[in-house]
Amino acid sequence: MAEQPAPAMERALADEDPVRGLAALLETTLAMASRERDVLAAAKNSGALGAEVGGAYFDALMSLVRRGQQAGTLRADIVPDDIPRLVAMLLSVLWNMDPDTEDWRRYIALLLDFLSPTGARPLPPLTRAT
């Protein structure tokens with residue numbers, strides 16, 4: 001599981017357009033998760049999907065987000081804590097759709113539109129546990 005997205009992460013990070021790289025990496029993630037739905041569920045239930053598996057992946061996503069923020073193509077108020085939650089939101093759609101479709105692409109497109117600074121309203125701050 002940890003090695004499958006590595007080539008996609010490299011391609012996404014090398015893309016001159018951080019939003020295009022972000023979209024490609026999310027598409028690869030959802031395509032893999034859709035194909036490997038049962039393996040993903042078993043790995044999650046067994047605790048095999050720890051921080052070491054996702055660390056480099058989420059670092060790559062955040063790097064793309066920061067580049068997009070610097071370029072003014074992604075909202076400035078996206079924070080690192082948002083990234084794993086947004087990916088979890090995307091993954092959650094897989095359990096509610098026909099596995100033989102790529103309907104999950106619609107939700108990536110929606111998410112990318114929501115991350116655009118155009119017409120964005122301020123986000124409420126995250127509450128931190130003390």
* About how many Å separate OG1 of Thr29 and CD1 of Ile108, when rounded to the nearest 0.5 Å? -> 7.5 Å

* Asked: Heavy-atom distance under 4.5 Å between the side chains of Phe58 and Val87, does that happen here?
  -> yes

* Would you say the side chain of Pro84 lies within less than 4.5 Å of the side chain of Met62, judging by non-hydrogen atoms? -> no

* To do: Taking the side chain as every heavy atom from C-beta outward, state whether Arg105 and Glu27 have any pair of such atoms under 4.5 Å apart.
  => yes

* To do: To the nearest 0.5 Å, tell me how far Arg11 CZ sits from Thr28 OG1.
  => 6.0 Å

* Asked: Between Arg67 (side chain) and Leu13 (backbone), is there a donor-acceptor pair under 3.5 Å?
  -> yes

* To do: Tell me, with the steps shown, if Asp77 and Asp82 meet side-chain contact (heavy atoms from CB on, under 4.5 Å).
  => CA-CA 10 Å; Asp77 53 0; Asp82 293 330; over 6 Å; no

* Does Pro18 offer a backbone N or O that forms a donor-acceptor pair with the side chain of Asp15 under 3.5 Å? -> no

* Heavy-atom side-chain contact between Leu90 and Trp104 under 4.5 Å -> no

* What is the minimum heavy-atom distance between Thr73 and Pro117, and which atoms define it? -> O-CD, 3.3 Å

* Structure fact -> Distance col, row Tyr107:OH vs Asn96:CG, nearest 0.5 angstrom, shows 9.0 Å

* To do: Over all heavy atoms of both residues, which pair between Ser34 and Pro99 is shortest? Give the atoms and the distance, please.
  => OG-O, 3.9 Å

* Asked: What's the shortest heavy-atom distance between Leu25 and Ala60, and which atoms?
  -> CD2-CB, 4.3 Å

* Can Arg75 and Leu123 be said to form a side-chain contact (heavy atoms from CB on, under 4.5 Å), step by step? -> CA-CA 10 Å; Arg75 298 176 65 116; Leu123 293 174; 3.1 Å; yes

* Check whether any side-chain heavy atom of Leu61 lies under 4.5 Å from a side-chain heavy atom of Tyr57, and answer yes or no. => yes

* Work out which heavy atom in Pro80 is nearest to a heavy atom in Arg66; give both atom names and the distance. => CG-NH2, 3.9 Å

* Asked: Are Leu110 and Ile83 linked, directly or through other ILVMFWY residues, by side chains that come within less than 4.5 angstrom of each other?
  -> yes

* To do: Would you give the length of the straight line joining atom CG of Leu91 to atom CE of Met32, rounded to the nearest 0.5 angstrom?
  => 8.0 Å

* Structure fact -> Between the OG atom in Ser92 and the CZ atom in Arg85, the distance rounded to the nearest 0.5 Å is 14.5 Å

* Check whether any side-chain heavy atom of Leu115 sits under 4.5 Å from a side-chain heavy atom of Leu86, and report yes or no. => yes

* Structure fact -> Rounding to 0.5 Å, atoms CD1 (Ile78) and CZ (Phe114) come to a distance of 12.5 Å

